[in-house]
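Here's the structure, in structure tokens; my notes come after.
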Number of protein chains: 2
Amino acid sequence: MARKTGSHSEITGPKIRAAAQRLFAQDGFAAVSMRRIAAEVGVQAGALYLYTPDKQALLFDMMTAHLGELLEAAAALPAAPDPVARLDRFARFHIAHHLERPEAVFIAYMELRNLTPENFAAVEEMRRRYEQMLQAILSDGKAQGLFRIGDAKLTTLALIAMMNGVTTWYREGGRLSRSEVAAHYADMALRAVRA
Amino acid sequence: MARKTGSHSEITGPKIRAAAQRLFAQDGFAAVSMRRIAAEVGVQAGALYLYTPDKQALLFDMMTAHLGELLEAAAALPAAPDPVARLDRFARFHIAHHLERPEAVFIAYMELRNLTPENFAAVEEMRRRYEQMLQAILSDGKAQGLFRIGDAKLTTLALIAMMNGVTTWYREGGRLSRSEVAAHYADMALRAVRA
DNA sequence: CTTCTATCTGACCAAGCGTTCAGTTCAAGA
DNA sequence: TCTTGAACTGAACGCTTGGTCAGATAGAAG
């Protein structure tokens, strides 16, 4: 037996990425074998190497795709003159965006230590750029006297950590809807920094 | 060669736990082999099994020890009649306690998925009890009209996530001291919930 | 119908995994 | 000094790992 009937790279490729993402999120990068990913796709392990040079690239590409999408979406946010409105918008966007792809989010900050040093540096740089967007809003608001903030960098990290946490507990069909959760978090973020 | 000169279970035991904790925090449970832990201690892999029944127990005991210590320390916090003071005290305690043992904290919430189902349930129960302490403070404050909170459970999770995040970036000898960081986080937590 | 190439199998490699255990050596008590 | 048991070694177990590759088969093109 060799080539499968109906096989196509445009089908198998995404299937592999999807299976890898699901399994990495569930059990962790180190605990998932290439054979298990292959089995999930319905293929032998060797076939995976037609689509990725190695396991590391599977993880790295997954992370950069996620962060690239995040940066792009954040950059496309409608501008607002008022830092208060911008923070509210940013917080709601962040929560909504993250709740829509919990697996990618989870992987992007749980599997950092499984990246090679070069890949880690690249991912960190993307993450830094994203955090910089939030920090700019906070600094602006502080300069305008709208926010009372001790340290903009620390506050940025605190708010991001708070908002990222939502993916660890939120479950579809639970007590609260996504927009209720987003509103609640945005409210807390604003109150934590407003003058 | 067999028994080492100067060897003693009261020395080797803690050494093993310390090495395992450092390595688990650095590279993750799944990525660390028993041989590597043994090498770190200066012993052969087989010797580890005099101190732990298996690798899983090494992780589980580490987590329960950490959470047990956390629960005990939190329970010993001096009481305060006012929910505002209690929240301030709790937040400062949480930050200080976590900054003193970043490795244990990191492991306790990064390696949950590497626990067997029974062990996971036990750890989750301890975590739940801790979160309950914070939730009680928030609910009290809400009942007394001191806090304006939409959902106490959600707020609890948001505050814990925010405060836990500190261990991912704080480095000894950095720009801010531990108590400055603790004060800043406590301030944000209070402002996020106060009426 | 034939040819070509994209796709996949299945066997294989060297290395490493968690764990066990018979045997060896040291420390401490008699 | 002798004995006993705690502490440890080193080899071995069966299995899994990431990765490679020659060969086989399917779909697409002519």
Side-chain angles (χ1 to χ4, degrees), chain A residues 1-21 23-24 26-63 107 111 113-119, chain B residues 1-21 23-24 26-63 107 111 113-119:
Chain A
M1 217 181 321
R3 183 169 184 174
K4 297 282 196 71
T5 66
S7 68
H8 230 295
S9 69
E10 282 112 44
I11 296 176
T12 309
K15 262 186 165 181
I16 289 173
R17 287 187 283 276
Q21 181 166 92
L23 292 174
F24 286 171
Q26 195 177 95
D27 298 335
F29 176 76
V32 174
S33 71
M34 293 300 268
R35 281 168 179 82
R36 197 143 142 246
I37 297 171
E40 203 83 359
V41 176
V43 110
Q44 293 297 317
L48 299 182
Y49 292 86
L50 265 336
Y51 300 92
T52 184
D54 50 34
K55 197 188 177 190
Q56 169 73 202
L58 215 46
L59 177 62
F60 179 63
D61 292 347
M62 194 179 291
M63 287 198 184
I107 291 167
E111 304 297 349
R113 58 186 168 190
N114 287 305
L115 292 169
T116 61
E118 307 80 40
N119 288 347
Chain B
M1 217 181 322
R3 183 167 185 175
K4 297 284 196 69
T5 65
S7 68
H8 228 295
S9 70
E10 282 113 45
I11 296 177
T12 308
K15 262 187 166 182
I16 290 173
R17 287 188 283 277
Q21 181 165 93
L23 292 174
F24 287 170
Q26 195 177 97
D27 298 334
F29 176 77
V32 174
S33 70
M34 294 299 268
R35 281 170 178 81
R36 196 143 142 247
I37 298 171
E40 202 82 0
V41 175
V43 109
Q44 292 298 315
L48 300 183
Y49 291 86
L50 293 172
Y51 300 91
T52 184
D54 50 34
K55 198 188 175 190
Q56 169 72 204
L58 215 45
L59 178 62
F60 179 64
D61 292 348
M62 195 179 290
M63 287 198 185
I107 291 167
E111 303 297 351
R113 58 187 167 188
N114 287 305
L115 292 169
T116 60
E118 309 80 42
N119 288 347

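Letters A, B, ... mirror the listed sequences (proteins, then strands); counts begin at 1.
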In whole angstrom, give the distance that lies between atom [atom1] of [X] and atom [atom2] of [N].
X	N	atom1	atom2	answer
A:Q44	D:dA24	CD	P	17 Å
B:I11	C:dA27	CD1	C1'	12 Å
A:Q56	D:dG19	CD	C1'	15 Å

Practice item. Return each pair, listed once, that meets side chain to side chain donor-acceptor pair (under 3.5 Å) where at least one residue sits in residues 38-57 of chain B; pairs must be two or more places apart or across chains. Key: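 Checked against side chain to side chain donor-acceptor pair (under 3.5 Å) - neighbours excluded - the pairs reaching residues 38-57 of chain B are B:R22-B:E40, B:Q56-B:N119.
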
Testing the basics here: between [X] and [Y], what is the closest heavy-atom pair and its distance to 0.1 Å?
X	Y	answer
A:L23	A:V32	O-CG2, 3.4 Å
B:M63	B:I107	CE-O, 3.4 Å
B:A30	A:A30	CB-CB, 3.8 Å

Cut-off 3.5 Å, no hydrogens considered: what does the side-chain donor-acceptor table look like for residues 11-21 of chain A, sequence neighbours left out?
from	atom 1	to	atom 2	distance (Å)
A:T12	OG1	A:H8	O	3.1

Check your understanding: Hey, can you pull the residues of residues 46-54 of chain B with a non-hydrogen atom under 4.0 angstrom from DNA chain C?
Key -> B:G46, B:Y49, B:D54

Review point. Counting just side-chain N and O atoms, does A:T12 come under 4.0 Å of either OP1 or OP2 of C:dT7?
Key: no

Check your understanding: To the nearest 0.5 Å, what is the distance between CZ (A:F29) and CG (A:N114)?
Key ->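 These two atoms lie 5.5 Å from each other.
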
Point to revise | Pairing residues for A:R113 by the salt bridge (charged side-chain N to carboxylate O under 4.0 Å, His left out) criterion, not counting sequence neighbours | key: B:E111

Exercise for review: Quick one: list whatever passes salt bridge (charged side-chain N to carboxylate O under 4.0 Å, His left out) with B:R36, sequence neighbours left out.
Suggested key: B:D27

Point to revise | Those residues of residues 29-43 of chain B lying under 4.0 Å from DNA chain D by at least one heavy atom | key: B:R35, B:V43

